[in-house]
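By convention here, the first residue in the shown sequence is residue 1.
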Amino acid sequence: MTRCAVFGTGSWGTAFALVLADAGCEVVLWGRRKELVDAVNTTRVNPDYLPQVSLPDSVRATTDAAEALAGADFAVLAVPSQTLRENLGAWAPLIEPQTVLVSLMKGIELGTAKRMSEVIAEVAGVGPERVAVVSGPNLAREIANRQPAASVVACADEAVAKRLQAACHTPYFRPYTNTDVVGCELGGAVKNVIGLAVGMADGMGLGDNTKATLITRGLAETTRLGLALGADPYTFAGLAGMGDLVATCSSPLSRNHTFGTNLGRGMSLAETIAATRQTAEGVKSCESVLDLARRNGVDMPIVEAVVDVVHNGRPTQEALQALMSRSAKAERH
């Protein structure tokens, strides 16, 4: 039986633990809070993040990282992206030689502008054949409710991607394999920023033309960045690109969309953070995405506008006007 350790008891980590269990894996869910771990073990429910979902008996929880990692074929990392380096630094000495590290995180590291797979490889000292990512339209609550969904599992080693595919393939969760780790990660990270922008438009009461413009131009920005970093452009037309972008920009279950909506309604950043219980990755990653773009000479005006609103205090209406008044260019949409 395939053994999986899942690090992170948030919505997506817990939902993916359920997927792995439904696919026939033995799953150990690591959490830092003993009361939450105990609740999972005694009630089969994560009361803080997925209180309406019963977890299979093949999922057990622990606060002991060594226990979680013992004999693991896959170690799934589902912590907030900006905490990965510190957390993985503590776990790395416990990782066994056969374990493949799987990123569920959709962010870019602040300061270094590194993708999560790059941070994993650096901190854990593993090669690309031992780093995989899962990306796509991954709204955790829907997946935890076993609603049909598809996703992408990517690894530079196709055989490893296929192993991971088998480990998480269920009647309701259909994973596709890809070797374009760069494209899959960028699609997942940038869509959070575009989701913030679309949420702002919703909060301002703007219509579908505005939102469609932000989504399609956001995809163009993502693709430009991907091409500069060597990604396959076709990745952005698939589940890890357009698929994830559409889900994040259109669903009320999207944390980033909800965060942006509150900003668009006139709430301050502090008020919006206080009203948001879970991590909206785009809030911090918008800065690192813009940093990555500038390091590679890529123009990303929507990302820049989001940074201006979220971190520089620019009013949403003013940021939108500046975005729309940019010099028109003859370019492919």
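The shortest side-chain heavy-atom distance between S103 and S117 does not fall under the 4.5 Å cut-off. Here the side chains of N192 and R255 are not in contact, with every heavy-atom distance at 4.5 Å or above. Between E221 and P301 the shortest side-chain heavy-atom distance falls below 4.5 Å. Counting only heavy atoms from C-beta outward, the side chains of E142 and L139 approach each other to under 4.5 Å. Residues L323 and L214 are in side-chain contact: their nearest non-hydrogen atoms beyond the backbone lie under 4.5 Å apart. A 4.5 Å side-chain heavy-atom check between R130 and V160 finds every atom pair outside the cut-off. Side-chain contact check for V193 versus I302: every heavy-atom pair is 4.5 Å or farther apart. By the 4.5 Å heavy-atom criterion applied to side chains, V45 and L50 are not counted as neighbours.
The main-chain N or O of G218 is found under 3.5 Å from a side-chain atom of T222 such that the two form a donor-acceptor pair. Side-chain N or O atoms of N296 include none that pairs as donor or acceptor with a backbone N or O of V298 at under 3.5 Å. R326 contributes no side-chain N or O that, together with a main-chain N or O of A322, makes up a donor-acceptor pair within less than 3.5 Å. Checked by atom type and distance alone, the side chain of D291 never pairs as donor or acceptor with a backbone atom of E287 at under 3.5 Å. The backbone N or O of T83 sits nowhere less than 3.5 Å from a side-chain atom of E86 that would complete a donor-acceptor pair. Between the Q82 side chain and the L110 main chain, a donor and an acceptor come within less than 3.5 Å of each other. Looking at S288, its side chain does come within 3.5 Å of a backbone N or O of S285 through a donor-acceptor pair. No donor-acceptor pair under 3.5 Å is formed between the side chain of T99 and the backbone N or O of I95. Under the 3.5 Å distance criterion, the side-chain polar atoms of R3 are left unmatched by any main-chain donor or acceptor of F74.
Side-chain heavy atoms closer than 4.5 Å link hydrophobic residues (I, L, V, M, F, W, Y) into clusters, and following such links, even through other members, never connects L206 to L196. Hydrophobic clustering, with ILVMFWY side chains joined whenever heavy atoms are under 4.5 angstrom apart, keeps L253 apart from Y49. Cluster annotation: L77 and L164 are assigned to distinct hydrophobic clusters (Ile/Leu/Val/Met/Phe/Trp/Tyr, side-chain heavy-atom contacts under 4.5 Å, transitive). There is a path of hydrophobic side-chain contacts, each under 4.5 Å, that joins L219 to V303. By the criterion of side-chain heavy atoms lying less than 4.5 angstrom apart, applied directly or through intervening Ile, Leu, Val, Met, Phe, Trp or Tyr residues, V6 is grouped together with V134 in one hydrophobic cluster.
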Expected list for residues 226-237: side-chain donor-acceptor pairs under 3.5 angstrom, two or more places apart:
residue, atom, partner, partner atom, Å
D232, OD1, Y234, N, 2.9
T235, OG1, D180, OD2, 2.6
T235, OG1, D232, O, 3.3

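Dense packing is recorded around CD of E35, with more than 12 heavy atoms of other residues, nucleotides or ligands lying under 6.0 Å away. Around the CG atom of N209, the shell of radius 6.0 Å holds no more than 12 heavy atoms that belong to other residues, nucleotides or ligands. The neighbour count for R33 CZ, taken as heavy atoms of other residues, nucleotides or ligands under 6.0 Å away, is above 12. Within a 6.0 Å radius of CD in Q98, other residues, nucleotides and ligands contribute more than 12 heavy atoms.
No hydrogens or angles considered: nothing links the side chains of N256 and T248 as a donor-acceptor pair under 3.5 Å.
Atoms CG and SG, from L69 and C4 in turn, are 11.5 Å apart once rounded to the nearest 0.5 Å. Annotation: the span from D308 atom CG to R314 atom CZ amounts to 5.5 Å, rounded to 0.5 Å. In this structure, CD in E26 is found 12.0 Å from CG in L20, a value given to the nearest 0.5 Å. If you take OG1 on T261 and CE on M200, they are separated by 9.5 Å, rounding to the nearest 0.5 Å. Taken to the nearest 0.5 Å, the CD1 atom of I273 stands 10.0 Å off from the CE atom of M267. Rounded to the nearest 0.5 angstrom, M242 CE and T216 OG1 are separated by 7.5 Å.
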Self-check item: Worked check of salt bridge (Lys or Arg N to Asp or Glu O under 4.0 Å) between K106 and E281
Solution: CA-CA 7 Å; K106 297 180 178 180; E281 289 282 13; over 6 Å; no

Exercise. Go through F259 and V283 one step at a time and tell me if the side chain to side chain contact (heavy atoms under 4.5 Å, CB included) criterion holds.
Key: CA-CA 8 Å; F259 197 102; V283 175; 3.6 Å; yes

Exercise. Show the numbers, then the answer: is there a side chain to side chain contact (heavy atoms under 4.5 Å, CB included) between V131 and V100?
Key: CA-CA 6 Å; V131 182; V100 174; over 6 Å; no

Self-check item: Steps toward side chain to side chain contact (heavy atoms under 4.5 Å, CB included) verdict (L186, L292)
Solution: CA-CA 11 Å; L186 289 177; L292 182 61; 4.0 Å; yes

Self-check item: Stepwise side chain to side chain contact (heavy atoms under 4.5 Å, CB included) test for S135 and S151
Solution: CA-CA 6 Å; S135 195; S151 196; 5.5 Å; no

Quiz item: Between T2 and D73, is a side chain to side chain donor-acceptor pair (under 3.5 Å) present by the stated rule, with each step listed?
Solution: CA-CA 6 Å; T2 300; D73 298 291; 4.8 Å; no

Quiz item: Checking side chain to side chain donor-acceptor pair (under 3.5 Å) for the pair D38/T42: CA distance, chi angles, key distance, verdict?
Solution: CA-CA 6 Å; D38 288 345; T42 57; over 6 Å; no

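Scanning all heavy atoms of the two residues, the minimum distance from A150 to L239 falls at CB-CD1, 3.7 Å. Residues S54 and L18 approach most closely at O-CD1, 3.9 Å, considering heavy atoms. The two residues S81 and G107 make their nearest non-hydrogen contact at OG-CA, 3.8 Å. Minimum heavy-atom separation, M300 to V190: CE-CG1, 3.9 Å. Closest of all the heavy-atom pairs between L29 and T9 is CG-CG2, 3.8 Å. Listed here is the closest heavy atom pair of G71 and E96: N-OE2, 3.0 Å.
Between R60 and E67, at least one side-chain N (NZ, or NE/NH1/NH2) sits under 4.0 Å from a carboxylate O, which counts as a salt bridge. Under 4.0 Å is where a charged nitrogen must lie from a carboxylate oxygen, and between R265 and D202 no such pair does. Using a 4.0 Å cut-off between charged nitrogen and carboxylate oxygen, K191 and D244 count as a salt-bridge pair. Ion pair K34/D64 not flagged as a salt bridge, since none of the NZ, NE, NH1 or NH2 atoms sits closer than 4.0 Å to an Asp/Glu carboxylate oxygen. The pair R294-E304 meets the salt-bridge criterion, since a charged nitrogen lies less than 4.0 angstrom from a carboxylate oxygen.
Between F173 and W12, the two ring planes are tilted [angle within 30° to 60°].
Under the side-chain hydrogen bond (donor to acceptor under 3.5 Å, both in side chains) test applied with E109, the options R85, K114, R115 reduce to a single match, R85.
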